[in-house]
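Each residue takes its place number in the sequence, starting with 1.
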Amino acid sequence: PSTDEHQAVHLDITYPDAARDLNRWLPLVKWLLAIPHLLVLIVFLDYVELFYRTFTREGFNAWYVFLFALFRMPTTAEVALPLATLFGSLAAFTIANRRLELVIARAAGLSAWQFLLPGAVVGLLFGVVATTLYNPLASYLLNQSIGIWSGTMDGAAQGLRRTGHL
């Protein structure tokens, strides 16, 4: 039978609403894709700074300087994490306020604690994971980076510790 005639098998497929689905998930995907770029930027800037401070020293090796910057990245990210969380929370509540979502939630009978509680629970879980898993890993990698630095830069790590850069 042709496509104009009645078919014996009829498939009723609902097509997804691409515009609605993309508008819902695209901001999250953009932020998840931005995180690795920010981490690479942190490593690159740290590498450039360390390269500038050490390229005239005896025993200079660019690969070891890169490893040192790479192993220091989790510690640097750990310092920036609370600030990023604060600004992310402020941005989320500002956007919700501008779209009148908070007003609608209050008008629907939700208390402020009911729409703040999920964010507080996620923040608490995030803090527990950062303290129990991420912090030990960052400390281990920082110790490894100090070993790389002191083993390759002829005691330059002592000078960095005295100046507070390590």
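Summarising the geometry, atom CG belonging to L90 is positioned 12.0 Å from atom CG belonging to N97; distances are rounded to the nearest 0.5 Å. Put simply, CD1 on I42 and CZ on R72 are 11.5 Å apart, with the number rounded to the nearest 0.5 Å. The structure places OG1 of T54 at 9.5 Å from CZ of F68, a figure rounded to the nearest 0.5 Å.
Heavy atoms only, all atoms of each residue included: A105 and F115 are closest at CB-CD2, 4.1 Å. Minimum heavy-atom separation, Q114 to G109: OE1-O, 4.0 Å. The two residues N135 and T131 make their nearest non-hydrogen contact at CB-O, 3.7 Å. Of all the heavy atoms in F93 and L102, the pair that sits closest is O-CD1, 4.0 Å. Contact record, S111 with R106: CA-NH1, 3.3 Å, taken as the closest heavy-atom pair.
Within the 4.5 Å cutoff, the side chain of V43 has no heavy atoms near those of the L39 side chain. Contact check for Y47 versus L70: no side-chain heavy atoms found under the 4.5 Å cut-off. Between L142 and S145 the shortest side-chain heavy-atom distance falls below 4.5 Å. Looking only at side-chain heavy atoms (C-beta outward), M73 and T76 stay at 4.5 Å or farther from each other.
F51 and F55 have parallel rings, their planes meeting at less than 30° on a 0 to 90° scale where 60° marks the start of perpendicular.
Both L67 and Y140 are part of a single hydrophobic cluster, where members link through side-chain heavy atoms under 4.5 Å apart. L50 is connected to Y52 through a chain of hydrophobic side-chain contacts under 4.5 Å among Ile, Leu, Val, Met, Phe, Trp and Tyr, so both are in one cluster. Under a hydrophobic clustering in which Ile, Leu, Val, Met, Phe, Trp and Tyr are joined whenever their side-chain heavy atoms come within less than 4.5 Å, directly or via other members, V48 and F71 fall into different clusters. Note on L125: it does not cluster hydrophobically with L137, by side-chain heavy-atom contacts below 4.5 Å among ILVMFWY residues.
The backbone N or O of D46 lies less than 3.5 Å from no partner atom in the side chain of E49, so there is not a single donor-acceptor pair.
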